[in-house]
K.L.:
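One structure, pasted below without further comment.
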Amino acid sequence: MPLGYKGSYQRVRAYLHDKRRTSPQPVTARPPSPRTVAGWILRRPDTLTETEQLQLKAVRMHCSELDALTGHVRSFATMLTERQGERLPDWLDAVRQDDLPSLHTLSPPASTATATATPSSPA
């Protein structure tokens with residue numbers, strides 16, 4: 001006595017097609033765009049909504065470079081808005097210590113910065 005399915009290929013295909021359509025798809029959150037993250041970093045922290053603060057916190061937890069960058073950007077903004085120019089050398093030293101090449105263009109190496117800051121003596 002032969003065993004097995006006696007239906008057609010089309011019937012199996014239709015059954016599976018219906019199952020695939022009705023199966024719940026996994027829900028994955030789309031990551032924020034670079035422009036959105038940059039906006040969160042550049043805005044005053046107190047103007048971010050609670051949702052934006054949580055999303056930025058999640059991004060910072062997943063990327064140590066963005067976490068360091070956020071800290072430097074915010075401390076620089078505080079330095080500017082509160083007119084604390086005397087903190088600039090310390091800020092530049094902190095930037096040099098982190099591996100953030102995009103910020104290194106703002107702070108030349110310590111030997112170059114010292115050489116350009118001291119006037120040359122007449123020959």
Side-chain angles (χ1 to χ4, degrees):
M1 173 182 281
L3 298 176
Y5 180 69
K6 297 193 190 262
S8 68
Y9 172 78
Q10 285 78 16
R11 182 166 286 207
V12 172
R13 184 173 176 263
Y15 174 78
L16 291 176
H17 181 70
D18 287 342
K19 278 290 197 191
R20 286 184 185 142
R21 258 190 322 166
T22 59
S23 297
Q25 297 296 321
V27 177
T28 57
R30 212 172 139 200
S33 70
R35 180 180 292 222
T36 300
V37 174
W40 295 337
I41 292 171
L42 293 171
R43 285 184 14 219
R44 291 178 183 259
D46 56 337
T47 64
L48 296 174
T49 66
E50 187 175 336
T51 303
E52 291 170 334
Q53 289 174 3
L54 292 173
Q55 288 174 316
L56 179 59
K57 183 177 180 180
V59 168
R60 290 178 71 179
M61 284 178 23
H62 286 89
C63 182
S64 60
E65 291 87 1
L66 279 177
D67 187 41
L69 176 72
T70 302
H72 291 309
V73 167
R74 289 189 173 166
S75 66
F76 189 79
T78 300
M79 200 171 34
L80 287 177
T81 56
E82 295 178 8
R83 298 182 179 173
Q84 300 172 342
E86 67 278 358
R87 290 181 43 209
L88 183 60
D90 294 334
W91 184 85
L92 291 171
D93 288 339
V95 167
R96 281 187 210 105
Q97 290 174 5
D98 282 333
D99 187 25
L100 298 170
S102 59
L103 286 183
H104 289 178
T105 59
L106 298 175
S107 64
S111 60
T112 308
T114 306
T116 56
T118 54
S120 59
S121 55

K.L.:
What is the distance from atom OG1 of Thr49 to atom CZ of Arg43, rounded to the nearest 0.5 Å?
P.N.:
7.0 Å

K.L.:
Ignoring hydrogens, what is the shortest heavy-atom contact between Pro89 and Gly85? Give both atom names and the distance.
P.N.:
CD-O, 4.1 Å

K.L.:
Apply side chain to side chain contact (heavy atoms under 4.5 Å, CB included) to residues Asp99 and Glu65 and explain how you reach the verdict.
P.N.:
CA-CA 8 Å; Asp99 187 25; Glu65 291 87 1; 6.0 Å; no

K.L.:
Report yes if the side chains of Pro45 and Arg74 come closer than 4.5 Å at any heavy-atom pair, otherwise no.
P.N.:
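Yes, their side chains come closer than 4.5 Å.
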
K.L.:
Please report the shortest heavy-atom distance between Glu52 and Thr47, naming the atom on each side.
P.N.:
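Here Glu52 and Thr47 meet closest at OE1-O, 4.4 Å.
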
K.L.:
Working note: Leu42 + Val73, criterion side chain to side chain contact (heavy atoms under 4.5 Å, CB included); need CA distance, chi angles, decisive distance, verdict.
P.N.:
CA-CA 7 Å; Leu42 293 171; Val73 167; 3.9 Å; yes

K.L.:
Give me the atom names and distance for the closest heavy-atom approach of Arg83 to Glu86.
P.N.:
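Taking every non-hydrogen atom into account, O-OE1, 4.4 Å.
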
K.L.:
Measure up the Trp91 and His72 rings against each other and bin them: parallel (under 30°), tilted (30 to 60°), perpendicular (over 60°).
P.N.:
perpendicular

K.L.:
Check whether more than 12 heavy atoms from other residues, nucleotides or ligands sit under 6.0 Å from atom CD of Glu50, and answer yes or no.
P.N.:
no

K.L.:
Does one hydrophobic cluster hold both Val59 and Leu54, with members joined at side-chain heavy-atom distances below 4.5 Å?
P.N.:
no

K.L.:
Of the non-hydrogen atoms in Arg87 and Thr78, which two are nearest, and what is the gap between them?
P.N.:
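For Arg87 and Thr78, the tightest heavy-atom pair comes out as NH1-CG2, 4.1 Å.
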
K.L.:
As a test of understanding, state which of Asp67, Thr51, Ile41 forms a side chain to side chain contact (heavy atoms under 4.5 Å, CB included) with Leu56.
P.N.:
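Going through the options one by one, the only one that passes is Ile41.
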
